[in-house]
Engineer: 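Please find one structure pasted underneath; my questions will follow.
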Amino acid sequence: MLKIYWKRSLWVLNKPRRETMLKNTKAATKITALVVDDSMINQRIHHKLLENLGIENQVVGNGKEAVDVHCSGKHFDLILMDMDMPIMNGIEATRTLRAMGIQSTIAGVSSHSSLSEDTQEFIEAGLDDYQEKPLTPDKLVAILHKVNLHV
């Protein structure tokens with residue numbers, strides 16, 4: 001809420017801080033995310049994009065680590081999954097997580113065109129959404145709204 005008040009012969013417009021607005025948004029404090037990407041640059045970008053929306057998130061470097069995190073009992077509302085990774089790629093990880101009964105929203109984020117055969121296989125593995133890199137704030141918000149995770 002904006003407040004206008006008089007201070008030392010000046011009108012002052014007091015805008016609420018972004019942190020305060022996010023704290024006042026119920027959904028933003030409840031959403032958790034897992035970033036699965038082998039690129040440290042993409043990890044940082046995705047982590048920061050989520051953090052800027054007030055979404056708690058954890059980062060892992062490949063699909064096997066994503067499966068292991070879930071096996072340890074952690075739960076995430078959203079998983080941002082890269083397709084091309086060492087050890088276990090995003091397609092295998094998505095299939096494995098779905099076979100384990102993981103109901104998290106899984107959004108594939110890859111540099112492949114949405115028309116490629118690999119991308120089709122990725123989507124069929126159990127994705128809820130697919131976005132081409134680079135992931136932008138608008139694309140992330142579109143994912144969240146598409147799967148009813150509102151911030």
Side-chain angles (χ1 to χ4, degrees), residues 1-2 14-151:
M1 174 164 50
L2 294 177
N14 185 19
K15 295 181 187 176
R17 301 188 96 190
R18 180 174 173 78
E19 298 82 20
T20 305
M21 292 187 322
L22 289 174
K23 285 180 187 171
N24 293 333
T25 305
K26 271 186 175 180
T29 58
K30 291 184 181 180
I31 298 173
T32 58
L34 179 65
V35 175
V36 187
D37 201 307
D38 61 320
S39 163
M40 290 187 73
I41 293 169
N42 288 330
Q43 288 176 357
R44 287 184 188 145
I45 291 169
H46 297 172
H47 172 75
K48 196 65 174 171
L49 286 172
L50 290 162
E51 191 176 72
N52 287 345
L53 290 174
I55 298 172
E56 265 184 54
N57 65 92
Q58 182 176 339
V59 176
V60 295
N62 62 61
K64 182 179 180 332
E65 291 177 5
V67 170
D68 291 346
V69 165
H70 283 85
C71 287
S72 73
K74 288 212 175 183
H75 169 77
F76 301 92
D77 300 301
L78 173 66
I79 301 169
L80 295 179
M81 182 78 70
D82 183 27
M83 181 165 45
D84 297 317
M85 296 177 287
I87 303 172
M88 181 185 282
N89 68 31
I91 297 169
E92 295 171 70
T94 300
R95 278 193 192 119
T96 302
L97 291 170
R98 293 302 190 211
M100 292 168 51
I102 302 300
Q103 296 297 311
S104 303
T105 296
I106 303 177
V109 184
S110 178
S111 54
H112 288 265
S113 161
S114 59
L115 301 175
S116 78
E117 286 181 34
D118 289 339
T119 303
Q120 278 307 117
E121 185 180 2
F122 197 14
I123 291 167
E124 290 167 6
L127 294 183
D128 296 295
D129 193 26
Y130 179 83
Q131 295 290 331
E132 288 182 31
K133 288 181 182 174
L135 188 62
T136 63
D138 289 341
K139 287 180 181 178
L140 180 55
V141 169
I143 292 168
L144 295 169
H145 287 300
K146 184 175 182 177
V147 296
N148 295 318
L149 296 173
H150 298 285
V151 291

Engineer: Might you point out which heavy atoms bring Val60 and Gln43 nearest each other, and give the distance in Å?
Structural biologist: O-NE2, 3.6 Å

Engineer: For the residue pair Val109 and Met81, establish whether any side-chain heavy-atom pair is separated by less than 4.5 Å.
Structural biologist: no

Engineer: Taking all non-hydrogen atoms of both residues, which atom of Ala125 and which atom of Thr94 are closest, and how far apart?
Structural biologist: O-CG2, 3.6 Å

Engineer: Which heavy-atom pair separates Gly63 from Ala93 by the least distance, and what is that distance?
Structural biologist: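 Smallest interatomic distance, heavy atoms only, reads CA-CB, 3.5 Å.
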
Engineer: Side-chain contact, heavy-atom cut-off 4.5 Å: Val36 with Asp82?
Structural biologist: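 No; the side chains remain at least 4.5 Å from each other.
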
Engineer: Which distance, rounded to the nearest 0.5 Å, do you find between the CG of Asn89 and the CG of Asp38?
Structural biologist: 10.5 Å

Engineer: With a 6.0 Å cut-off (strictly less than), is the heavy-atom count around NZ of Lys64, excluding the residue itself, greater than 12?
Structural biologist: no

Engineer: Given side chains that start at C-beta, do those of Ile79 and Thr105 come closer than 4.5 Å, heavy atoms only?
Structural biologist: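 Contact flag for Ile79/Thr105 side chains = no.
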
Engineer: Applying salt bridge (Lys or Arg N to Asp or Glu O under 4.0 Å), run through Arg44 and Asp37 and close with a yes or a no.
Structural biologist: CA-CA 10 Å; Arg44 287 184 188 145; Asp37 201 307; over 6 Å; no

Engineer: Just grab all the salt bridge (charged side-chain N to carboxylate O under 4.0 Å, His left out) pairs involving residues 93-106, residues at least two apart or on different chains.
Structural biologist: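 Salt bridge (charged side-chain N to carboxylate O under 4.0 Å, His left out) check on residues 93-106 returns Arg95-Glu121, Arg98-Asp128.
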
Engineer: In Å, rounded to the nearest 0.5 Å, how long is the span from CD of Glu65 to SG of Cys71?
Structural biologist: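 One gets 13.0 Å once the value is rounded to the nearest 0.5 Å.
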
Engineer: Please report the shortest heavy-atom distance between Tyr130 and Ser110, naming the atom on each side.
Structural biologist: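 Smallest interatomic distance, heavy atoms only, reads OH-CB, 3.3 Å.
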
Engineer: Under 4.0 Å between a side-chain nitrogen and a carboxylate oxygen: does that hold for Lys139 and Asp129?
Structural biologist: no

Engineer: Provide the full list of ring pair (Phe, Tyr, Trp, His ring centres under 6.0 Å) pairs with a residue in residues 34-72, sequence neighbours left out, each pair given once.
Structural biologist: His70-Phe76

Engineer: Quick one: are Glu132 and Ser111 in side-chain contact, heavy atoms under 4.5 Å?
Structural biologist: no

Engineer: Measuring only between side-chain heavy atoms, which start at C-beta, is Asn42 closer than 4.5 Å to Lys133?
Structural biologist: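 Yes, their side chains come closer than 4.5 Å.
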
Engineer: So do the side chains of Leu53 and Leu49 get within less than 4.5 Å of each other, counting heavy atoms only?
Structural biologist: no

Engineer: Does some side-chain heavy atom of Leu78 sit less than 4.5 Å from a side-chain heavy atom of Leu34?
Structural biologist: no

Engineer: Roughly how far apart are Ile31 CD1 and Leu144 CG, rounded to 0.5 Å?
Structural biologist: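 Those atoms lie 5.5 Å apart.
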
Engineer: Determine whether Val67 and Leu97 make a side-chain contact, defined as any pair of heavy atoms from C-beta on separated by less than 4.5 Å.
Structural biologist: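 Yes; the side chains approach each other to less than 4.5 Å.
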
Engineer: Roughly how far, to the nearest 0.5 Å, is the CD1 atom of Ile91 from the CE atom of Met83?
Structural biologist: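 One gets 5.5 Å once the value is rounded to the nearest 0.5 Å.
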
Engineer: Atom CG in Leu80, atom CG in Leu135: separation rounded to 0.5 Å?
Structural biologist: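 So the gap between those two atoms works out to 6.0 Å.
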
Engineer: How long is the span from the CD1 atom in Ile55 to the OG1 atom in Thr32, to the nearest 0.5 Å?
Structural biologist: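 It comes to 9.0 Å.
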
Engineer: For Lys48, enumerate each residue passing the salt bridge (charged side-chain N to carboxylate O under 4.0 Å, His left out) test, keeping only those at least two apart in sequence or located in another chain.
Structural biologist: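 Listed in chain order: Glu51.
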
Engineer: Closest approach of Met85 and Gly90, non-hydrogen atoms and distance?
Structural biologist: CE-N, 3.5 Å

Engineer: Can you list the steps and then say if Asp77 with Lys30 is a salt bridge (Lys or Arg N to Asp or Glu O under 4.0 Å)?
Structural biologist: CA-CA 9 Å; Asp77 300 301; Lys30 291 184 181 180; over 6 Å; no

